[in-house]
Amino acid sequence: MRAQINMVHTLQLLIMMFFSLARNSAFALWPIPPHITAGTTPLKLSPDFSITTTIVSPPHDLVSAIQDTQSRLKTDKFQRLVIGRGASDSNAVRFAPQLDKLELVFAPHAPPVRSIAAEATAPLKARSEWYKLSVPSGGSPAAQLVANSTLGLFRGLTTFSQLWYAYGTDKYILEAPVEMEDRPAFPYRGFSLDTSRNFYPMSDILRTIEAMSWVKLSILYWHVSDSQSFPLQVERFPELAQKGAYSENEIYTTDDVKQIISYANSRGVDIVVELDSPGHTTGIAFGYPDHVACANKMPWSMYASEPPAGQLRIANESTIAFSKELFDSVASMFTGPMMSSGGDEVNLPCWEEDADFVRDSIVANTTIPEALDRFVQEIQGIIKKRKKMPLIKSDMILTHNVTVTDDTVAVVWQSSADAVSMADRGHTFIYQPSNYFYLDCGAGDWLGDDVPGVSWCDPFKTWQKAYSFDPYANLTASQYHLVLGGQMPLWSEQSSPENLDSIVWPRLASAAEVFWTGAALPDGTSRLGKNATNGTSALARLHELRYRLVDRGIKAIALQPHWCALRPGACDLDA
């Protein structure tokens, strides 16, 4: 009997060792390229390894990206996740050939060379992120990265830096040669950050953008203001931040905005600013109270989705003029081709019981639906005048049936099921569904005097839940082109700098792969197939990403005990 037990234990150990050895470093990328092949030869970087380019006078941000990649290859300390870590590979690596160079090349017939920032802020569907990467099995020829844009080269550099493991002074892979061709399934791959409920210092935003670039996210959707505060400095309306921010130290100045934009764009991330309107605008009332109906009216639950109550007086001509100038001012601060006017959760009793709004609507001979429709059209007109594509929350269209421009992108947020109704109306849209992607769900209700309370979007949205998302669910093939991508949001009622990294990472990476890799994995199997998230598939790769994030200074939360990460598959439910 004891011999049988020992045999079982030995067999289990051999299986675990097989899984560990079968772990292919080239396939541990996140998001994984749709087309990749690898060999079986160890290869390490030469101590004199360099990255060069054949581009004459390369843009400054590409030069910086090359320097950053070379620096990261030297400083990364991540060891392969196997029993024994890097020591288990030492014999294979000791006499491995050395790679001296990676060469960046523009593809034949590629468009003229532009900066990464220019490519990252091109019209959404005009962006090229394609690249082809070849890593030889010997020290020569040089590894080669080919793309038809600097943005594609940047994405390829990100992938190249993910390939290598560290042990001692060596950086190595075990599966050369590596060949891959990569491009995103969707152009819009984002993270939405709310900086109104709680303020995030510049260092947090810049660090988050950096990490976003490592998983090839393309959009930071900046929910910069809300009912609780207005932390954005707007030169034409100085009292917005002076009176609407929590303090003078919790303001994003115009210089801060320029720095965020420059930092993000040079890392392939476009900024989409959202001024939520006409609801969620009590923050405006601190500086300009005449424009906000039912401001701070109690009980707040009758007039708003959360405290404090207040929304713009959309039937007032002065308020419309103020709102148009505000949107124009903020739009002029942001260089990207998109801007959002928000539009979620407007509260009809707030207007119905506001004496000034009632008077304004009588003077204008208008109803609430008519006033709302006009307000949206006026704001969209300003966004279009600034040559930006308008984004708007889905309930403005599906619930309030407002008129929007043909190129408006709807943000489907209440439920993923709303995508069908949006597609049936012929609107392009992005996904931000609360039933899959909300990072803040699961912490319980944040309101006081509510002992048994749970948040409206509980339970906690695990990385596996987000990863299981199908962007084409219930749509017809003829509607697929309406899906531009999606984003995961962090609403900050219970988040702040103290938990930013841990609540976002590595879960945000799930959506990065959903919208980059698409439906199929490199071996042709479905990303949504049986056991797609098991310990030897997506989970094994996400473990590696999480450990790399931590190695680079991101305080990403653990997905499993370290024991499980070193034994792929051993902690699966049916293992």
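Every heavy atom of this structure was used, including side-chain atoms; hydrogens, water molecules and symmetry mates were not.
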Determine, for [X] against [Y], whether the closest basic-nitrogen to carboxylate-oxygen distance falls under 4.0 angstrom.
X	Y	answer
E274	K393	yes
R189	E129	yes
R386	D328	yes
D407	K384	yes
R374	E317	yes
D501	R207	yes
R267	E210	yes
K297	E353	yes
R197	E306	yes
R313	D354	yes

Point to revise | Derivation and outcome, side-chain hydrogen bond (donor to acceptor under 3.5 Å, both in side chains), residues T195 and W222 | key: CA-CA 8 Å; T195 60; W222 189 3; 3.0 Å; yes
Taking the six-membered ring for Trp, are [X] and [Y] parallel (under 30°), tilted (30 to 60°) or perpendicular (over 60°)?
X	Y	result
Y472	Y480	parallel
F469	Y436	perpendicular
F322	H291	parallel

Roughly how far apart are [X] [atom1] and [Y] [atom2], rounded to 0.5 Å?
X	Y	atom1	atom2	value
N435	K465	CG	NZ	6.5 Å
K216	R183	NZ	CZ	14.0 Å
I383	E378	CD1	CD	12.0 Å
I430	F186	CD1	CZ	12.5 Å

Could you tell me whether the side chain of [Y] reaches within less than 4.5 Å of the side chain of [X], counting heavy atoms only?
X	Y	value
V330	V273	yes
P201	P497	yes
I320	I314	no
M338	M389	yes
D61	F154	no
K555	W505	no
M302	P349	no
L232	V257	yes

Practice item. Could you walk me through whether W456 and D445 pass the side-chain hydrogen bond (donor to acceptor under 3.5 Å, both in side chains) test, one step at a time? Key: CA-CA 8 Å; W456 72 274; D445 203 346; over 6 Å; no
Between the side chains of [X] and [Y], is a donor N or O closer than 3.5 angstrom to an acceptor N or O?
X	Y	result
K258	T253	no
S247	E250	yes
T405	T408	yes
D373	Q377	yes
D182	Y131	yes
T462	Q464	no
T121	D270	no
S128	N148	yes
D424	Q479	yes

Out of [options], which one pairs with [X] under the side-chain contact (heavy atoms from CB on, under 4.5 Å) rule?
X	options	value
L500	N198, T208, I205	T208
V224	D276, L193, L275	L275
P278	V292, I379, L372, V376	L372

**Study point:** side-chain contact (heavy atoms from CB on, under 4.5 Å) between R236 and L326, intermediate numbers included
**Key:** CA-CA 8 Å; R236 285 191 235 173; L326 174 59; over 6 Å; no
Review point. Is T517 reaching over with its side chain to a backbone N or O of P31, donor-acceptor style, under 3.5 angstrom?
Key: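 No.
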Practice item. Show your reasoning for whether side-chain hydrogen bond (donor to acceptor under 3.5 Å, both in side chains) applies to Y438 and S455. Key: CA-CA 11 Å; Y438 272 37; S455 71; over 6 Å; no
Nearest heavy atoms of [X] and [Y], plus distance in Å:
X	Y	value
L490	F191	CB-CE1, 3.8 Å
P471	V483	O-CG2, 3.9 Å
C441	P459	CB-O, 3.5 Å
S340	G342	OG-N, 3.1 Å
D226	S196	N-OG, 3.1 Å
S305	W300	O-CZ3, 3.6 Å

Practice item. Start with the C-alpha gap between Q311 and H280, add the side-chain angles, then the distance that decides, and say whether side-chain contact (heavy atoms from CB on, under 4.5 Å) holds. Key: CA-CA 6 Å; Q311 51 197 41; H280 289 276; over 6 Å; no
Review point. Does D458 CG have over 12 foreign heavy atoms under 6.0 Å away?
Key: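 Yes, enclosed.
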Check your understanding: Is the count of non-hydrogen atoms from other residues, nucleotides or ligands lying under 6.0 Å from D450 atom CG greater than 12?
Key -> yes
Between [X] and [Y], is the gap from one ring center to the other below 6.0 Å?
X	Y	answer
Y467	W30	yes
Y288	F237	yes
Y252	F199	yes

Point to revise | Working for side-chain contact (heavy atoms from CB on, under 4.5 Å), residues V346 and W351 | key: CA-CA 9 Å; V346 295; W351 285 319; 4.1 Å; yes
Practice item. If a pair satisfies ring-ring contact (aromatic ring centres under 6.0 Å, His included) and one of its residues is in residues 378-400, list it, with sequence neighbours excluded. Key: none
Review point. Is there a side-chain contact (heavy atoms from CB on, under 4.5 Å) between N265 and T335 once you walk through the steps?
Key: CA-CA 10 Å; N265 292 170; T335 57; 3.6 Å; yes
